[in-house]
Asker: 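Can you keep this structure in mind? I'll have questions shortly.
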Number of protein chains: 2
Amino acid sequence: MSRKPRKDERHAQILEVLRYTPHVRIATLASRFGVTAETIRRDLDALSDQELLDRAHGGAVARPMGIQPPIDEREQATVDERRAIAHTAARLLEPGQVVMIDAGSTTTQLAWQLAANGQALTVITNSYPVARAMASSASRLILCPGDFNAREGGVFGQDTTDYLTRFHANIAFIGASGLTPEGILDVNRDAAWVKRTLISRSERTYLLVDHTKFAQTVLERVAPLSVLDGIVTDRAPSDAMTQRLERAGVAVHIATLEAIDSALSARASDTTAREDTA
Amino acid sequence: MSRKPRKDERHAQILEVLRYTPHVRIATLASRFGVTAETIRRDLDALSDQELLDRAHGGAVARPMGIQPPIDEREQATVDERRAIAHTAARLLEPGQVVMIDAGSTTTQLAWQLAANGQALTVITNSYPVARAMASSASRLILCPGDFNAREGGVFGQDTTDYLTRFHANIAFIGASGLTPEGILDVNRDAAWVKRTLISRSERTYLLVDHTKFAQTVLERVAPLSVLDGIVTDRAPSDAMTQRLERAGVAVHIATLEAIDSALSARASDTTAREDTA
DNA sequence: TAGCTAAATTGGTATTTACAACAAAAATGC
DNA sequence: GCATTTTTGTTGTAAATACCAATTTAGCTA
């Protein structure tokens with residue numbers, strides 16, 4: 001390892017700039033540092049290889065800040081599924097309701113959907129990505145106190161659950177690390193306590209999980225299936241699981257990508273296939 | 001009324017997409033909608049005119065939400081000043097202290113500096129950007145409850161101030177919209193209340209402001225100068241202001257870009273013999 | 001239905017960016 | 001000191017994008 005302040009310093013400053021603006025142009029950086037565009041290009045390629053930023057034509061864009069560390073291939077692959085789940089879940093709400101939203105990637109998607117719908121809600125959450133998503137909407141946003149966990153992008157702990165008990169919601173949306181006949185499971189003990197509190201403070205509770213969570217047995221059981229009023233997912237669970245859910249009185253909503261597509265772009269493209277070579 | 005779903009629908013969807021990813025390419029949008037790149041180009045230009053997004057070569061980037069609109073090239077000039085201020089302010093802390101950090105761009109810079117320093121602190125803040133900056137550090141992070149304000153990227157309100165009174169900090173760092181002989185000023189009433197609480201719950205209070213805040217008279221006076229133990233800024237205030245500060249017992253720390261640069265280079269090559277770092 | 005108007009496409013050209021190979025310069029190691 | 005490695009600059013070419021203007025298409029109105 002050599003000590004070259006030149007390149008490293010540029011790299012650090014590029015990332016610094018990208019914390020304040022989502023996009024920088026190569027020409028801008030080149031003139032700022034007094035180096036050639038080629039050098040900047042190489043810098044950006046290197047940083048892109050380290051997954052610290054994303055390349056764009058003529059520049060670079062900052063990585064989305066929601067939840068950074070755990071974006072593995074599997075997570076990325078199910079992005080569309082989660083959108084579909086969120087879209088379906090959003091329909092369970094009515095204007096004016098008080099809703100509690102758990103921290104998680106799928107629940108964050110739900111928040112974006114709710115913001116897009118434009119319904120005026122009162123949202124209580126422990127997740128900053130959720131708050132950020134809803135920020136521009138007409139809804140009122142109440143955030144919980146607690147110890148900040150960067151991995152989850154939210155707050156947890158005794159303060160969080162204490163604060164939540166002051167409220168009463170019409171409906172709660174929670175996520176989970178696993179779903180088995182035994183109940184709802186999660187890897188994070190603090191998160192589990194928050195989920196239990198959300199469940200106890202809401203009239204109805206819906207679980208949002210994609211199919212990769214089925215039969216995942218992890219650290220801690222959050223609650224039995226019977227606490228749920230419904231689950232929203234992207235594929236039908238196994239027959240055994242479905243029976244269990246039915247017995248526990250849990251409604252199962254299957255979200256399909258077609259539904260969201262047809263709803264969003266009611267009239268997308270004609271049969272004229274265009275040569276989209278990309 | 002308007003029965004023109006074509007263009008408007010595209011516009012809405014483009015903005016929708018930009019909420020999920022900070023950058024979209026024209027070619028991507030063109031193939032997605034089944035239209036020509038020219039059409040997308042016009043769409044982006046129109047949306048850019050409405051200031052709903054920013055153009056980039058070959059695509060568009062989402063507007064940053066947390067921070068104020070004008071983050072253009074000129075604004076980036078003050079980024080360096082804020083970095084210097086934050087760097088100087090960070091030296092006022094000692095390991096193990098309890099510190100309260102206000103919401104704001106300069107205080108967010110401070111948080112990044114503290115995280116880089118690696119000191120183990122207990123940080124109490126109402127700002128999500130601050131929390132996120134410190135997230136990877138060894139510090140404990142406590143976040144306040146309250147109503148989420150997207151523009152500031154933090155929480156405010158009665159819940160926030162109530163929660164803060166439960167704590168006692170060694171030192172508080174606050175920002176402001178203006179600084180005059182009358183005292184500290186801010187445009188946001190809720191933010192002003194949070195600042196007052198931070199001041200009252202800390203042994204010492206330091207104000208972090210760049211020189212553009214001097215003589216800015218805005219909505220509300222947060223507090224008189226006398227509540228401060230010091231200010232950290234990038235240029236010396238006017239003589240009249242300096243006298244006032246001195247009379248009020250406020251220490252003035254001037255942060256220079258040279259200081260931070262020399263600190264960086266010293267860190268980079270400290271094994272070599274002491275060379276004159278101009 | 002015809003005509004009007006906004007929107008979308010098409011074609012052509014100028015500009016910008018990307019990519020790769022190589023040269024120059026600086027730093028590093030011996 | 002000299003060779004080696006790393007970094008940066010330069011150049012030429014290909015590709016992608018932007019811009020402009022004319023034409024076609026589609027939606028709407030009278």
Side-chain angles (χ1 to χ4, degrees), chain A residues 1-15 18 22-50 52-61 265-278, chain B residues 1-15 17-18 21-50 52-61 73 264-273 275-277:
Chain A
M1 280 302 206
S2 53
R3 279 273 164 268
K4 313 272 190 194
R6 286 202 143 69
K7 192 172 67 167
D8 291 347
E9 178 69 11
R10 274 202 317 272
H11 286 195
Q13 286 206 39
I14 289 170
L15 294 176
L18 278 178
H23 179 261
V24 278
R25 312 199 68 143
I26 287 180
T28 305
L29 292 170
S31 73
R32 175 178 176 141
F33 295 128
V35 296
T36 313
E38 280 307 306
T39 303
I40 300 296
R41 222 183 297 282
R42 278 187 281 258
D43 288 341
L44 297 185
D45 288 340
L47 291 169
S48 177
D49 287 342
Q50 296 172 50
L52 295 171
L53 51 77
D54 287 321
R55 280 304 308 274
H57 195 96
V61 292
S265 54
R267 29 167 19 202
S269 59
D270 309 342
T271 53
T272 55
R274 189 161 302 282
E275 70 279 23
D276 49 299
T277 57
Chain B
M1 286 297 208
S2 59
R3 198 62 62 89
K4 298 185 289 187
R6 280 197 132 69
K7 194 170 65 166
D8 292 346
E9 178 71 11
R10 273 203 316 273
H11 287 195
Q13 284 207 39
I14 289 170
L15 293 176
V17 168
L18 277 178
T21 171
H23 179 261
V24 279
R25 313 196 68 144
I26 287 181
T28 305
L29 292 170
S31 73
R32 172 172 178 152
F33 296 130
V35 295
T36 313
E38 274 308 295
T39 305
I40 300 295
R41 225 183 296 280
R42 272 189 294 267
D43 289 341
L44 297 185
D45 288 340
L47 291 169
S48 177
D49 287 343
Q50 296 173 52
L52 296 172
L53 52 79
D54 287 321
R55 278 305 305 275
H57 196 98
V61 292
E73 314 299 311
L264 277 172
S265 58
R267 193 183 308 168
S269 60
D270 52 0
T271 55
T272 64
E275 197 149 332
D276 192 3
T277 55

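Just so we're on the same page: letters track the sequence lines, and every chain starts at 1.
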Asker: Starting at atom CD1 of B:I40, determine the distance to atom P of C:dT10, rounded to an integer number of angstrom.
Answerer: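 So the CD1-P distance, B:I40 to C:dT10, works out to 14 Å.
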Asker: side-chain contact (heavy atoms from CB on, under 4.5 Å) with A:T39: which residues, sequence neighbours excluded?
Answerer: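 Result, side-chain contact (heavy atoms from CB on, under 4.5 Å) vs A:T39: A:R10, A:V35, A:T36, A:R42, A:D43.
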Asker: Rounded to the Å, how far apart are B:D45 CG and C:dA7 C1'?
Answerer: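 To the nearest whole Å, that distance equals 15 Å.
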Asker: Between A:R55 (side chain only) and A:G59 (backbone N and O only), is there a donor and an acceptor less than 3.5 Å apart?
Answerer: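 Flag set: sc A:R55 to bb A:G59 pair under 3.5 Å.
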Asker: Between A:H11 (NE2) and D:dT8 (C1'), how many Å, whole number?
Answerer: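 Result: 12 Å.
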Asker: Only counting residues at least two apart or in another chain, list the ones meeting side-chain contact (heavy atoms from CB on, under 4.5 Å) with A:S31.
Answerer: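 Scan of A:S31 (side-chain contact (heavy atoms from CB on, under 4.5 Å), adjacent residues dropped) gives none.
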Asker: Show each protein N/O and nucleotides 9-13 of chain D N/O combination with a separation under 3.5 Å, one pair to a line.
Answerer:
from	atom 1	to	atom 2	distance (Å)
D:dG9	OP2	A:T36	N	3.1
D:dG9	OP2	A:T36	OG1	3.2
D:dG9	OP2	A:T39	OG1	2.3
D:dG9	O5'	A:T36	OG1	3.1
D:dG9	N7	A:R42	NH2	2.8
D:dG9	O6	A:R42	NH1	3.4

Asker: Rounded to the nearest angstrom, tell me the gap between atom CZ in B:R55 and atom P in C:dT17.
Answerer: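 Nearest whole value for this atom pair: 13 Å.
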Asker: State whether A:R25 places a side-chain N or O below 4.0 Å from either non-bridging phosphate oxygen (OP1 or OP2) of C:dT17.
Answerer: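 For A:R25, the contact criterion (side-chain N or O under 4.0 Å from OP1 or OP2 of C:dT17) is met.
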Asker: How long is the line joining CG of A:L29 and C1' of D:dT8, in whole Å?
Answerer: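 Those two atoms, CG and C1', are 16 Å apart.
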Asker: Nearest 0.5 Å please: distance from the CG atom of A:D45 over to the CD1 atom of A:I40.
Answerer: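 Reported to 0.5 Å precision, the distance equals 11.0 Å.
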Asker: Measure the distance from NE2 on B:H57 to C1' on C:dT15 and round it to the nearest whole Å.
Answerer: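 After rounding, the gap between these two atoms is 8 Å.
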Asker: Restricting to non-hydrogen atoms, name the atom on A:L53 and the atom on A:L44 that form the minimum distance, rounded to 0.1 Å.
Answerer: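 Nearest heavy atoms, A:L53 then A:L44: CD1-O, 3.7 Å.
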Asker: Could you tell me how far apart B:L44 (CG) and C:dA8 (P) are, to the nearest whole angstrom?
Answerer: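 Result: 13 Å.
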Asker: How long is the line joining CG of A:D43 and C1' of D:dT8, in whole Å?
Answerer: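 Checked: the CG to C1' distance equals 10 Å.
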Asker: Checking all strands, does A:A46 fall into the base, sugar-phosphate, or nothing category for heavy-atom contacts under 4.0 angstrom?
Answerer: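 Counting heavy atoms under 4.0 Å across all strands, no contact is made by A:A46.
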Asker: Any chance you could measure A:E9, atom CD, to A:H11, atom NE2, to the nearest 0.5 Å?
Answerer: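 The CD atom of A:E9 sits 11.0 Å away from the NE2 atom of A:H11.
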